[in-house]
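Encoded as structure tokens, the structure appears first; notes follow it.
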Amino acid sequence: MCSSDLVDEFEEMAKKHSNFQFHVILSKPPSGWSGHTGHVQDIITEVVPDVAKRSVYICGNPGMTKEVKKLCLEDWDMEKKQVKVEEYI
């Protein structure tokens, strides 16, 4: 789960840069969570309908990043230069 400091930092970046947006999506949300739930792969086109026209930065566990990268390159026909990936365990 994102730390509140990181969320605060991203919120500040979004205020300063109109071309930056972020969405917190929790697969196992705590009680009372009102944000997005599920997995990035399932929600991305809902929150970013024109994702194929953008550059994306995918960061997370290897399973998720590989699946989203595959969607970007194969299903949405994005160019490799539009997709940046960082995996962590």
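Since the model is a prediction, treat every value here as computed from it, not as a measurement. For the numbers below, each heavy atom of this structure counts, side chains included, while hydrogens, waters and symmetry mates do not.
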Sequence neighbours excluded, the answer for salt bridge (charged side-chain N to carboxylate O under 4.0 Å, His left out) partners of Glu11 is none

Let me check something: any side-chain donor-acceptor pairs from residues 60-69 under 3.5 Å, sequence neighbours excluded? List them with distances.
{"residue": "Asn61", "atom": "OD1", "partner": "Gly63", "partner atom": "N", "Å": "3.0"}
{"residue": "Asn61", "atom": "OD1", "partner": "Met64", "partner atom": "N", "Å": "2.8"}
{"residue": "Thr65", "atom": "OG1", "partner": "Asn61", "partner atom": "O", "Å": "3.3"}
{"residue": "Thr65", "atom": "OG1", "partner": "Pro62", "partner atom": "O", "Å": "3.1"}
{"residue": "Thr65", "atom": "OG1", "partner": "Glu87", "partner atom": "OE2", "Å": "3.1"}
{"residue": "Glu67", "atom": "OE1", "partner": "Gln41", "partner atom": "NE2", "Å": "3.2"}

Common cluster, Leu73/Val85, ILVMFWY with side-chain heavy-atom separation under 4.5 Å
yes

Sequence neighbours excluded, the answer for side-chain contact (heavy atoms from CB on, under 4.5 Å) partners of Ser27 is His39

With sequence neighbours excluded, tell me which residues meet side-chain contact (heavy atoms from CB on, under 4.5 Å) with Glu74.
Lys70

Give a yes or no answer on whether the side chain of Trp33 reaches the backbone of Gly35 with a donor-acceptor pair at less than 3.5 Å.
yes

Sequence-distant partners of Lys53, salt bridge (charged side-chain N to carboxylate O under 4.0 Å, His left out), two or more places apart:
none

Results of side chain to side chain donor-acceptor pair (under 3.5 Å) for Tyr57 - residues two or more places apart only
Glu86

Quick one: does any side-chain atom of Gln82 pair with a main-chain N or O of Val56 as donor and acceptor, under 3.5 Å?
no

Would a single hydrophobic cluster contain both Phe10 and Ile58, if residues Ile, Leu, Val, Met, Phe, Trp and Tyr are joined by side-chain heavy-atom contacts under 4.5 Å?
no

State which residues pass salt bridge (charged side-chain N to carboxylate O under 4.0 Å, His left out) with Lys15; sequence neighbours excluded, sorted by chain then number.
Glu12

According to salt bridge (charged side-chain N to carboxylate O under 4.0 Å, His left out), who are the partners of Glu46, at least two apart in sequence or on a separate chain?
none

Can you give me the closest heavy-atom contact between Ile25 and Thr37, atom names plus distance?
CG2-C, 4.0 Å

SG of Cys72 to NZ of Lys80: how many Å apart, nearest 0.5 Å?
13.0 Å

Distance-only donor-acceptor hits, side chain of residues 16-23, under 3.5 Å, sequence neighbours excluded:
{"residue": "Gln21", "atom": "OE1", "partner": "His23", "partner atom": "NE2", "Å": "3.0"}

Test of understanding: clusters of I, L, V, M, F, W, Y form through side-chain heavy atoms closer than 4.5 Å, transitively. Do Val7 and Ile43 belong to the same one?
no

Would Leu6 and Met13 show up in the same hydrophobic cluster when neighbours are defined by side-chain heavy atoms closer than 4.5 Å?
yes

Before you tell me yes or no, could you show the steps for Thr45 and Trp76 under side chain to side chain contact (heavy atoms under 4.5 Å, CB included), namely the whole-Å CA-CA distance, both residues' side-chain angles and the distance that decides it to 0.1 Å?
CA-CA 10 Å; Thr45 55; Trp76 303 326; 3.5 Å; yes

Side chain to side chain donor-acceptor pair (under 3.5 Å) partners for Asp75, two or more places apart
none

